[in-house]
Amino acid sequence: MVEQDMQVAISSEWIIDIGQGAGDEGGKIVAQGSPEQVAQSEISRTAPIMSS
């Protein structure tokens, strides 16, 4: 599932964060794991939002 609502993402059991350039651009997994693990990522643009 693709989710932009961080409240839904934070309550998930597992997140796969695909960085910029997803879709036709290719994209790549920049973080995956529990919300706590993803929030610790230094390269995920989602991490700072999740840890606030």
Side-chain angles (χ1 to χ4, degrees):
M1 164 173 89
V2 175
E3 185 55 60
Q4 300 299 322
D5 182 333
M6 286 299 105
Q7 292 303 318
V8 173
I10 289 169
S11 21
S12 300
E13 290 183 28
W14 195 262
I15 296 172
I16 300 172
D17 185 1
I18 300 176
Q20 287 190 302
D24 292 341
E25 302 278 320
K28 66 178 184 174
I29 296 174
V30 296
Q32 65 178 319
S34 67
E36 294 81 12
Q37 290 170 312
V38 172
Q40 300 286 325
S41 173
E42 295 181 7
I43 60 172
S44 167
R45 290 190 175 190
T46 304
I49 298 166
M50 295 186 72
S51 59
S52 56

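Just so it is clear, the model here is predicted, and its values are computed rather than measured. The chain is numbered in sequence order, starting from 1.
A donor-acceptor pair under 3.5 Å is absent between the side-chain atoms of Ser12 and the main chain of Ile15, judged by distance alone. A donor-acceptor distance shorter than 3.5 angstrom exists from the side chain of Gln37 to the backbone of Ser34, with no hydrogens or angles considered.
In this structure, Met50 CE and Ser41 OG are separated by 10.5 Å, a value rounded to the nearest 0.5 Å. The distance from atom NZ of Lys28 to atom CD1 of Ile18, rounded to the nearest 0.5 Å, is 12.5 Å.
When side chains are defined from C-beta on, Asp17 does not count as touching Arg45, because their heavy atoms never get closer than 4.5 Å.
When all heavy atoms of Ala47 and Ser44 are compared, the closest pair comes out as N-OG, 3.1 Å.
A continuous path of ILVMFWY side-chain contacts below 4.5 Å connects Val38 to Ile10, so both sit in one hydrophobic cluster.
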